[in-house]
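Before any comments, here is the structure.
Each chain gets a letter, A, B and so on, in the order the sequences are listed, and its residues count up from 1.
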Amino acid sequence: MENSGIAKVFTEIAELLEIKGDDPFRIRSYKNAAMVVEGLTQSLTSLYEQGGLNGIPGIGLGLRQKIVEMLETGACAFHDELLKELPAGLLDILNVRGVGPKKAALFYKELGISTIEALEKAAAAHALAGLSHIGKKTEENILKGIMELKTMTGRVTLHSAMQTAEAIIKYLKKTTNAGDVQPAGSIRRWTESIGDIDILAISSEHERIIDAFVRYPEAKETVSKGDTKAAIALKNGLRVDIRVLDADSYGSAMQYFTGSKSHNVIIREMAKKKGLKINEYGVFDEKTGERLAGLTEADVYKQIGLPLILPEYREGRGEIEAALAGNLPKPLELCDIRGDLHCHTDESDGAHSLRDMAQEAMRLGYEYMAITDHSRAIGVAHGLDAKRALKQMDEIDAFNASLKKAGKRFVVLKSAEVDIRADGTLDHEEAVLGRLDCVVGAIHSGWNMTMAEMTGRIIKGLNTGRIDILAHPTGRLIGIRSAYQVDMNAIMETAIMTGVALELNSSPERLDLNDVHCRAAMEKGIPVAISTDAHSASQLSNMTYGIHTARRGWLEKKNVLNARPLKELLTWLKKRRS
DNA sequence: GCCGTTTTCGGCCCGACTGTTTTCAGTCG
């Protein structure tokens with residue numbers, strides 16, 4: 001079993017125990033374990049083989065035994081037992097907004113409801129009202145919740161959520177006198193996809209802000225509305241939460257509202273041990289009630305003996321332990337990037353010429369860029385055959401010469417995004433490969449290959465010794481296409497052996513490597529190339545998404561191939577060719 | 001079920017909003 005499968009079992013156990021009304025703290029342990037497993041940089045299988053299952057925080061004896069059981073047998077007896085007691089359909093019912101474990105248990109016990117369809121029927125027939133604490137309004141909300149589930153857009157890319165958030169913030173600033181309105185939550189942590197948008201507004205006129213918010217023209221309905229918080233559902237299906245607080249609570253409010261939940265739970269536990277209480281209003285002495293901090297986030301962290309932890313690190317994945325030990329990564333900055341190593345021109349499927357792309361790269365302050373047009377296997381992208389590739393290289397040489405003559409300190413690297421064919425061979429001949437400064441290998445076909453086939457294909461490609469960077473290593477498109485089946489651990493081991501760098505593709509639809517893979521690469525000492533895969537000049541600025549994803553993976557400047565100055569990069573490339 | 005310079009037993013984050021109630025349970029983040 002893979003980590004994600006094990007995490008899913010733990011989540012389901014937690015949910016089933018909730019429906020059963022089990023000990024809430026036991027439930028929390030299972031939920032926490034699911035998140036811990038999800039954030040591990042190594043597969044549990046390999047940890048188990050190396051005897052490394054001990055010492056994972058949040059995984060004690062009981063959970064460890066269940067992990068071993070799942071690795072050895074592929075199933076968890078406790079999970080199976082619970083599913084014999086309770087129908088699996090109850091887990092679906094929990095996805096209906098407004099229905100939690102208590103109501104699901106009530107409907108099941110009293111009416112035998114165990115599927116969403118049955119729940120919908122019962123609500124429509126007014127069979128629910130009359131049960132304890134259930135009235136007409138609850139029935140309406142359940143029907144609404146089911147409708148919402150059916151038409152749900154699901155999660156959206158960070159990029160799309162940011163645009164929506166910006167529009168709402170602009171509207172609020174225009175229509176009210178809010179001092180400060182900012183995105184918080186997962187947007188501020190730069191998670192790869194967003195389930196709902198969180199906005200924090202600082203103002204003393206709470207009511208005015210809330211009123212304006214629920215009247216937002218793109219809002220389909222008001223989900224909830226109170227004195228300090230409200231929620232709306234947008235016409236596009238996204239949900240937006242707002243919280244309005246006074247200026248002196250800015251730091252604590254931002255800290256609270258940025259999350260993540262697991263990070264905040266740890267922070268508050270730490271505070272409690274120190275006799276403090278942290279909420280969105282500030283940090284308080286638990287005994288005297290005296291307010292000790294709240295104006296800035298740094299003050300909040302300082303009260304519990306921590307330095308300010310950047311939002312990207314706040315996932316409850318060891319950042320607090322690292323902060324205590326003074327081992328937090330030095331945050332990567334956009335200005336650390338010296339060049340882009342994956343860009344297309346109108347020679348293949350890009351929109352702009354070599355010259356236009358280079359000019360934009362220079363404007364961004366880069367020292368270099370690699371032009372990586374497709375190889376011929378990508379027919380739809382007008383991929384280059386040997387003749388065209390060699391001709392493009394001549395053009396790049398001439399262009400570089402003209403830059404040098406003009407006194408410009410900028411170099412275009414002769415490069416290509418070469419397909420690794422289904423049989424593991426490369427889609428350019430030696431005459432082309434031998435003349436390139438930098439070779440980016442990529443998979444663009446055969447999505448249905450088995451894990452063994454795909455992994456073998458990529459490993460064979462890397463073992464040709466011709467590939468310098470493996471582009472978008474898992475091939476996923478966020479919310480559109482899941483990653484192909486591939487053993488990333490084996491790929492990384494091959495990358496170490498062959499000295500190949502892995503790409504963090506900064507396109508908001510890709511972000512591939514993802515954060516967890518980035519961290520694994522960092523731990524293994526594999527250099528990561530943060531590239532945009534730009535198909536137009538403006539897409540070169542997608543680098544920002546790569547930077548923040550890299551931060552989420554704890555990458556530092558020293559881990560990033562294209563944070564190296566040109567001279568060092570060329571030395572690295574040359575060494576690989578000798 | 002986890003965890004420990006207050007504890008190996010007894011703790012385990014915190015608050016807002018809704019709908020159902022006559023003071024609060026359930027849900028959510």
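Remark: the separation of the P atoms in B/dG4 and B/dC17 is 36 Å, to the nearest Å. For B/dG1 and B/dT5, the P atoms lie 23 Å apart once the distance is rounded to whole Å. When the C1' atom is compared between B/dT6 and B/dG11, the two are found 12 Å apart, to the nearest whole Å. The separation of B/dC12 from B/dA16, taken at their C1' atoms, amounts to 22 Å, rounded to a whole angstrom. The gap from the P atom of B/dG15 to that of B/dT20 amounts to 26 Å, rounded to the nearest Å. Using P as the reference atom, B/dT23 and B/dC28 are 25 Å apart when rounded to the nearest Å. Nucleotides B/dA25 and B/dT21 are separated by 9 Å at their C1' atoms, to the nearest Å.
Using a 4.0 Å heavy-atom criterion, one finds that A/Lys136 contacts the sugar-phosphate atoms exclusively. At a threshold of 4.0 angstrom between heavy atoms, the contacts of A/Ile266 with the nucleic acid are absent. Using a 4.0 Å heavy-atom criterion, one finds that A/Ile27 contacts no nucleic acid atom at all. Nucleic acid contact class of A/Asp23 (heavy atoms, under 4.0 Å, all strands): base.
Atom CD1 of A/Ile142 is separated from atom P of B/dG19 by 12 Å (rounded to the nearest Å). Rounded to whole Å, atom P of B/dT18 lies 11 Å from atom NZ of A/Lys144. The distance between atom CD1 of A/Ile267 and atom P of B/dC14, rounded to the nearest whole Å, is 13 Å. Rounded to an integer number of Å, the gap from A/Tyr281 OH to B/dG15 C1' is 7 Å. The CE-C1' distance, from A/Met270 to B/dG4, rounds to 15 Å in whole Å. Rounded to a whole Å, the NZ atom of A/Lys273 is 13 Å from the C1' atom of B/dG10. Distance, A/Leu17 CG to B/dC2 P: 13 Å, rounded to whole Å. The interatomic distance linking A/Glu207 (CD) with B/dC17 (P) rounds to 12 Å, in whole Å.
Geometric assessment of A/Lys66 against the ring of A/Phe78 yields a positive cation-pi assignment under the 6.0 Å and 45° thresholds.
The 5' end of DNA chain B is approached more closely, in terms of each residue's nearest nucleotide, by A/Glu286 than by the other of A/Ile210 and A/Glu286.
Minimum interatomic distance between A/Ala14 and A/Tyr30 (heavy atoms only, all atoms of both residues): CB-CB, 3.8 Å.
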Legend entry - Protein-to-nucleotide contact annotation, 5' to 3' order, nucleotides 23-29 of chain B [B base; S sugar-phosphate only; - none; under 4.0 Å, heavy atom]: ---SSSB
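Other residues, nucleotides and ligands contribute more than 12 heavy atoms inside 6.0 Å of the CD atom of A/Gln163. In A/Met451, the CE atom is crowded: over 12 heavy atoms of neighbouring residues, nucleotides or ligands sit closer than 6.0 Å. Within a 6.0 Å radius of NZ in A/Lys273, no more than 12 heavy atoms belonging to other residues, nucleotides or ligands are found.
Distance from the side chain of A/Thr138 is smallest for B/dT20 among the nucleotides B/dC14, B/dT20, B/dC13. The side chain of A/Lys272 sits closest to B/dC14 out of B/dG1, B/dG15, B/dC14. Checking B/dC2, B/dG19, B/dC13 against the side-chain heavy atoms of A/Arg28 singles out B/dC13 as nearest.
Using a 3.5 Å distance cut-off with no hydrogens or angles, the side chains of A/Asn264 and A/Gln255 do pair a donor with an acceptor. If you check the side chains of A/Arg188 and A/Thr258, you find a donor sitting under 3.5 Å from an acceptor. For the residue pair A/Tyr250/A/Gln182, the side-chain donor-acceptor check at 3.5 Å is satisfied. Under the 3.5 Å distance criterion, with hydrogens and angles disregarded, a donor-acceptor pair is assigned to the side chains of A/Asn177 and A/Glu205.
The pair A/Asp241-A/Arg239 counts as a salt bridge, with a side-chain nitrogen and a carboxylate oxygen less than 4.0 angstrom apart.
Of the residues in residues 61-76 of chain A, those placing a heavy atom less than 4.0 Å from an atom of DNA chain B are A/Leu61, A/Gly62, A/Leu63, A/Lys66, in numerical order.
Contact annotation: A/Asn141 reaches the phosphate of B/dG19 (side-chain N/O to OP1 or OP2, under 4.0 Å). In this model, the phosphate group of B/dC13 is not approached by any side-chain N or O of A/Asn264 to a distance below 4.0 Å at OP1 or OP2.
Taking a pair to require two hydrogen-bonding distances under 3.5 Å in either a Watson-Crick or a G-U wobble arrangement, B/dG1 pairs with B/dC12.
Across A/Ile19, A/Ile142, A/Ile116, a single residue satisfies side chain to side chain contact (heavy atoms under 4.5 Å, CB included) together with A/Ile93, and that is A/Ile116.
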